[in-house]
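This report refers to the structure that appears directly beneath it.
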Amino acid sequence: MRRPLGRPNLWPLYYALRDARLGAGRNLVAAVSAVLVAAFAVSLAALVFLGSDATRSAARLLREQAAMRVVLTEPSEATSPAGRAEAVARRIRALPGVASARVVPPEETLAALEEAFGGTVDLGRLFPENPFPPSVAVFLTGPDEAGALAARIARWPEVDEVVYGQKYLPAVLGLADFLRRAGLASVVGFALLGLAVTVVTWQLAVLSRLAEVRVKAWMGVSPWALAGQFAAEGALLGLAGGALAAMGLVLVVHRVELALATLLPWPLAPPRFGPLVVLCLASGTALGAAGASLALALLARREGVFR
Amino acid sequence: MRAELPGPSEAPAVAWLGVSHVFPMSRRGRGRAARPALDGVDLRVAMGEWVFLVGPSGAGKTTLLRLAYGALRPTRGEVRVLGEPVGVRPIHLLRRRLGLVFQSFELLPAKTALENVAYGAEVLGRPPGEARRLAEAMLSTLGLEDLADRFPNELSAGEQQRVGIARALIHRPAVVLADEPTGNLDLASARVVFEVLSRIHRLWSPAVVVATHSRELLAWGGHRVVRVEGGRIASDEGARIR
């Protein structure tokens, strides 16, 4: 009956994995539900994480912005728009803290806007007469003086508006702060919601295999071994759900990144796919394992499996 | 295969020593005086002995068995199985030395009778080939080899219970505890199930404790009959040890 020392009996592990595979196969609806629930819960939590991360990155980028666009007013009949723009650019170049200034003709602005729409709209046909005034692209030696310079240039009579990233910084910082605070609560909320739904889903799976659970309990399988078997099953299905969520999110984030890259005039920091994937896989696995073992514990108690 | 037995032959297989048990009251029932399910029961079952526990519903038969396989802890007194106090070691280790038979068969519907019986050995960690050989031997021993390839839904209730017994006892336990094993069966099927249990008893002489309502089966086999009423032993006929 006894095995020699040093040779662990791995057959229970083999049977547990076999029963897990067979159980998941026979209860395909419950297994697929467990995967989808994990994927959904993980996606929601990861989206909050991504939103928080993206606003923090945006705030950092805006703070570091050393570029601005000076939009000019409509010129009077007498003056040449191009000549007036060049004169403004010269005045800007003379200011301290300015590295360079370049006149952006209206055609270039229209072309950039067309590119932002992904080439789906022919703005040249929509606006036969280009409505955009000339503007001046200004590059600063550093971001620190951007606010003061923008305020100074905005007071010039030829200038309609000065657009620069730091202008939006307070709003983005506010959003980042909100997401950071709300994010934690959301993640906890989604985790609890995901766990509750996972437990309910797993209860259906365990319920359909109650005979197997009872036989094992009667034959002397320890509660921990049984919980371990279902936790392993839950972990595997949760991992699949996490992988599904990770694939979906990477795809979505990549598409959003492409869209933003054409819309925004400054380069974006590449999204952190590594932590995102690890977060999805780890939380999916943990959610599945916790949900399945909790479902078993609740059902075993309710059905008196070990009594 | 047989579970290890304690050394001294005089040690009973199962002993309830001054055992009382009171179920805790539910929230709604708090304030009412709790009636003990068992009240100072002294009962010893010798190695290899067959004992019927009889009595009306609620008399305490099932509670006695549940105390023996560790599902309940006595409020007072001690239960010993194979010389060892119940509850000292983890319950699942105790159960590996017992054969538990219940009214419900709990056969796995997707497995054949042979696979169901082999499952009992697999659960205890036997390799697949050995588990299958043990199952074939067990079915053959109990005259159930013709049922080997049938699925549970192709078996009658009596056949299902016999397969369930084969699975529960595949590890040849030294003690068999059966709680109303024929509760779902007609008399003819119940007799067949008892024949299976008797064959097992003849083969390796486990101590068998059967809680039953079936009066017709009591006379059959000439075994010891312990009558439980109101949580006490009302009578004990044919005991080998007291």
Side-chain angles (χ1 to χ4, degrees), chain A residues 1-31 205-230 232-233 296-297 299-307, chain B residues 1-4 23 62-63 65-67 69-73 89-102 104-111 115-131 152 160 163-165 167-173 176-179:
Chain A
M1 290 286 282
R2 289 179 188 279
R3 280 175 183 274
L5 283 174
R7 288 185 60 192
N9 184 3
L10 295 176
W11 287 111
L13 181 64
Y14 164 80
Y15 291 129
L17 291 174
R18 181 199 64 179
D19 290 347
R21 182 175 56 81
L22 293 176
R26 277 194 213 106
N27 303 286
L28 205 58
V29 174
V206 178
L207 204 56
S208 65
R209 290 164 62 187
L210 211 53
E212 175 192 329
V213 173
R214 279 214 175 93
V215 170
K216 287 184 170 175
W218 292 344
M219 296 295 293
V221 173
S222 73
W224 288 110
L226 258 174
Q229 180 197 323
F230 278 92
E233 281 187 55
L296 174 74
L299 265 182
R301 189 184 164 89
R302 199 183 79 192
E303 300 290 326
V305 169
F306 293 100
R307 292 199 296 272
Chain B
M1 271 302 283
R2 182 173 180 153
E4 292 159 43
F23 285 102
T62 295
T63 306
L65 292 182
R66 290 174 70 189
L67 286 165
Y69 61 80
L72 293 174
R73 293 281 182 88
R89 286 205 299 162
I91 296 304
H92 68 275
L93 296 179
L94 166 75
R95 290 191 184 174
R96 288 180 193 176
R97 306 172 76 189
L98 303 176
L100 302 181
V101 180
F102 298 95
S104 59
F105 325 124
E106 300 289 10
L107 296 185
L108 306 180
K111 290 185 187 290
E115 288 166 347
N116 262 288
V117 178
Y119 192 71
E122 290 172 0
V123 163
L124 295 172
R126 301 306 176 84
E130 187 187 337
Q160 286 188 49
V163 172
I165 288 172
R167 181 182 62 193
L169 308 183
I170 192 168
H171 56 309
R172 296 199 170 205
V176 176
L177 303 174
D179 190 5

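Convention: sequence-line order gives letters A, B, ...; per-chain numbering from 1.
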Closest approach of B:R96 to A:G220 (non-hydrogen atoms, all atoms of both residues): NE-O, 2.8 Å
Note, A:W218 side chain near B:F102 side chain (heavy atom, < 4.5 Å): yes
Would you call B:Y119 and A:K216 a side-chain contact if the rule is heavy atoms closer than 4.5 Å?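 Yes, side chains in contact.
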Under the side-chain contact (heavy atoms from CB on, under 4.5 Å) criterion, do B:V123 and A:Y15 qualify, and how do the steps go? CA-CA 8 Å; B:V123 163; A:Y15 291 129; over 6 Å; no
Could you check whether any side-chain N or O of B:R95 sits under 3.5 Å from a backbone N or O of A:M219, counting only pairs where one atom can act as donor and the other as acceptor? no
Would the distance check show the side chain of A:Y14 and the main-chain N or O of B:G125 forming a donor-acceptor pair, the cut-off being under 3.5 Å? no
To the closest 0.5 Å, what do you measure between CG (A:L22) and NZ (B:K111)?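 One gets 6.0 Å once the value is rounded to the nearest 0.5 Å.
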Quick one: CD1 on B:I91 to OG on A:S222, what's the gap to the nearest 0.5 Å?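 With rounding to 0.5 Å, CD1 (B:I91) is 12.0 Å from OG (A:S222).
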Checking B:P109 against chain A: side chain, backbone, both or neither under 4.5 Å from a heavy atom?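 Neither part.
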Please test B:E122 against A:R18 for side-chain contact (heavy atoms from CB on, under 4.5 Å), starting from the C-alpha separation and ending with a verdict. CA-CA 11 Å; B:E122 290 172 0; A:R18 181 199 64 179; 2.6 Å; yes
